[in-house]
There are 2 protein chains.
Amino acid sequence: MARQKKFTTEELYVQTKHLLLEHGYDGFSFSQLAEKLNVARSTIYKYFENKEELATAYMLYEMNKFLKDLETIHDYSTFNDQLDYLLDLMFDQPEIQQLILIGQSIPIEESSRARKNHEQLEKLHLDMYEQLDGFVKLGKENGHIRPQIPNSLVLGYIFQSIAIPNHEDIPYREWAESIKDVIRHGLFK
Amino acid sequence: MARQKKFTTEELYVQTKHLLLEHGYDGFSFSQLAEKLNVARSTIYKYFENKEELATAYMLYEMNKFLKDLETIHDYSTFNDQLDYLLDLMFDQPEIQQLILIGQSIPIEESSRARKNHEQLEKLHLDMYEQLDGFVKLGKENGHIRPQIPNSLVLGYIFQSIAIPNHEDIPYREWAESIKDVIRHGLFK
DNA sequence: CTTCTTTGTGACATATGTGTCACTTTAAAT
DNA sequence: ATTTAAAGTGACACATATGTCACAAAGAAG
């Protein structure tokens, strides 16, 4: 070791997240990030080749965190508890789908270090999908979820629900319960 | 009149839409747009002061079109027909919520021509909300929609549903019917 | 044909972003 | 105290975006 770092990878990722959410991938720049971290722009190049590599590395980090949390779903035995857990998980990080979307807008150059990250990211994506697909299948087998609804719609529906803007500022608990209710039973009487 | 225009406002808006959806507001530039339209970049400055004004003008155009379509909802008498019409409308332009989101990420400078556009845009937004809110109220009064669900959640659901990615490429008609079904009756048996 | 007006353009000055590199700073190891 | 290597920086060359303006091009009106 020599000389203390001025920022941790963790801090870098936190700022990256904010900037990506605010400006999107195209609008995100090393200049902005360096300013947020109070370092020179060139410092960041010590750790990442370019925007592409940084962004994919960050997405990988975020995805791994999410998947780790997702595994905990197996601690719950009933389908209803699992659904509750999944929804709470997503409520805790409502930005996750937007980030995944931004992640998909990263253009991957041939033969870049980012390629590896990108490939691994696709693996994690598949992992996630399989986890969730298994969950939906269980729900159908156990007779909770109506079997004629396509699995991808079930999952999409759950994911998108979290992104509904709470413009009326309804208290978290009440809002979350309403969403769970609508997911289960729809809008109609 | 003098000299023919090389592009119509319509064409300009179409390209603007594509670029905004692809790159987001921050990633969008006059250079890209000029290239798409096969004109010099400076030509666009003849019609718009800057990116800000162009983007707000475009959003205004898009919003007006959408609201005009939305009015047609009154041609349908029953709540169920109105809901069907609304959902079909949104299926026809699934980009609308993403565009609205992008529109909200336009930073409005003080004392710019874009201010006027922006204020008018907010009015249209309110119009839209009132239209839709009225629709939901009707649904509750007529006993179709469960009254305990917040109105904004009902609307959020309808809007967000359209954005669910159809990864399995299920045929349009079937997919749309499934979504309508889930919105009405939820995922559970 | 000349004039007028709209439409379009290239070039300039300026700003911001990118990637690199020789160099400095700083803390640990000897 | 000296050496070493990681961590950090300013500056350079280059690319791209911005806004402006004097001027060119092209139809319409006279």
Side-chain angles (χ1 to χ4, degrees), chain A residues 1-16 18-58 102 105-115 117, chain B residues 1-16 18-58 102 105-115 117:
Chain A
M1 271 295 135
R3 198 171 175 171
Q4 289 183 331
K5 291 196 179 185
K6 290 182 79 180
F7 58 88
T8 65
T9 309
E10 186 77 21
E11 283 165 342
L12 183 141
Y13 284 156
V14 168
Q15 297 303 334
T16 298
H18 288 154
L19 289 172
L20 280 179
L21 286 172
E22 190 176 346
H23 301 290
Y25 178 74
D26 283 286
F28 170 80
S29 80
F30 271 32
S31 318
Q32 298 168 325
L33 181 56
E35 197 175 353
K36 290 269 189 188
L37 293 171
N38 291 309
V39 293
R41 183 175 53 90
S42 52
T43 304
I44 304 176
Y45 284 93
K46 280 271 145 77
Y47 303 101
F48 300 94
E49 252 181 357
N50 50 35
K51 195 162 115 163
E52 201 178 308
E53 197 207 336
L54 187 151
T56 50
Y58 162 66
I102 289 173
S105 78
I106 303 173
I108 302 298
E109 299 288 324
E110 204 52 61
S111 81
S112 61
R113 237 195 273 178
R115 269 227 86 66
N117 286 344
Chain B
M1 270 293 136
R3 199 173 174 168
Q4 288 183 331
K5 290 196 182 186
K6 291 183 75 179
F7 57 90
T8 64
T9 309
E10 186 77 21
E11 282 166 342
L12 184 141
Y13 284 155
V14 168
Q15 297 303 333
T16 298
H18 288 154
L19 290 172
L20 280 179
L21 285 172
E22 190 175 346
H23 301 290
Y25 179 74
D26 283 284
F28 170 81
S29 79
F30 271 33
S31 319
Q32 297 169 324
L33 181 56
E35 197 175 354
K36 291 269 188 188
L37 293 171
N38 291 308
V39 293
R41 183 175 53 88
S42 52
T43 304
I44 304 176
Y45 285 94
K46 279 270 145 78
Y47 304 100
F48 301 94
E49 253 181 357
N50 50 35
K51 194 163 115 163
E52 200 178 309
E53 196 206 337
L54 187 151
T56 51
Y58 162 66
I102 289 173
S105 79
I106 304 172
I108 302 299
E109 298 287 325
E110 204 52 61
S111 80
S112 63
R113 236 195 274 178
R115 269 227 85 67
N117 287 343

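Chain identifiers are assigned alphabetically (A, B, ...) following the order of the sequence lines, protein sequences preceding nucleic acid strands; residue numbering begins at 1 within each chain.
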Using a 4.0 Å heavy-atom cut-off across all strands, classify [X] as base, sugar-phosphate, or nothing.
X	result
S31(A)	sugar-phosphate
K46(A)	base
S42(A)	base
Y47(B)	sugar-phosphate

From the list L12(A), V14(A), T8(A), side chain to side chain contact (heavy atoms under 4.5 Å, CB included) partner of L37(A) resolves to L12(A)
Take atom [atom1] of [X] and atom [atom2] of [N], then tell me their distance rounded to the nearest Å.
X	N	atom1	atom2	result
Y25(B)	dA17(D)	OH	P	15 Å
E49(B)	dA17(D)	CD	C1'	17 Å
Q32(B)	dT18(D)	CD	C1'	13 Å
F48(B)	dA17(D)	CZ	P	19 Å
N38(B)	dT9(C)	CG	P	10 Å
E35(A)	dT18(C)	CD	P	13 Å
K51(A)	dT16(C)	NZ	P	16 Å
I44(A)	dC21(C)	CD1	C1'	17 Å

Is a donor-acceptor pair below 3.5 Å formed from side chain R3(B) to base dT7(C), judging by atom type as modelled? yes
Is there a side-chain contact between T43(A) and the phosphate of dA7(D), meaning an N or O under 4.0 Å from OP1 or OP2? no
Using OP1 and OP2 only, check whether a side-chain N or O of K6(A) sits under 4.0 Å from dT9(D). yes
Of the options [options], whose atoms approach the side-chain atoms of [X] most closely?
X	options	result
S29(B)	dG10(D), dT9(C), dA17(D)	dA17(D)
R41(B)	dG8(C), dT6(C), dG19(D)	dG19(D)
Y45(A)	dA7(D), dT18(C), dA26(D)	dT18(C)

Aromatic centroids of F48(A) and F30(A) separated by under 6.0 Å: no
Can you check whether E109(A)'s main-chain N or O pairs, donor with acceptor, with E52(A)'s side chain at less than 3.5 Å? yes
For the pair Y47(A) and F7(A), name the ring-plane relationship: parallel under 30°, tilted 30 to 60°, perpendicular over 60°. perpendicular
Is there a side-chain contact between H23(A) and Y25(B) in this structure, where contact means two heavy atoms from C-beta onward sitting under 4.5 Å apart? no
Find which nucleotide of DNA chain D each of F28(B) and F7(A) is nearest to by heavy atoms, and output the residue with the more 5' nucleotide. F7(A)
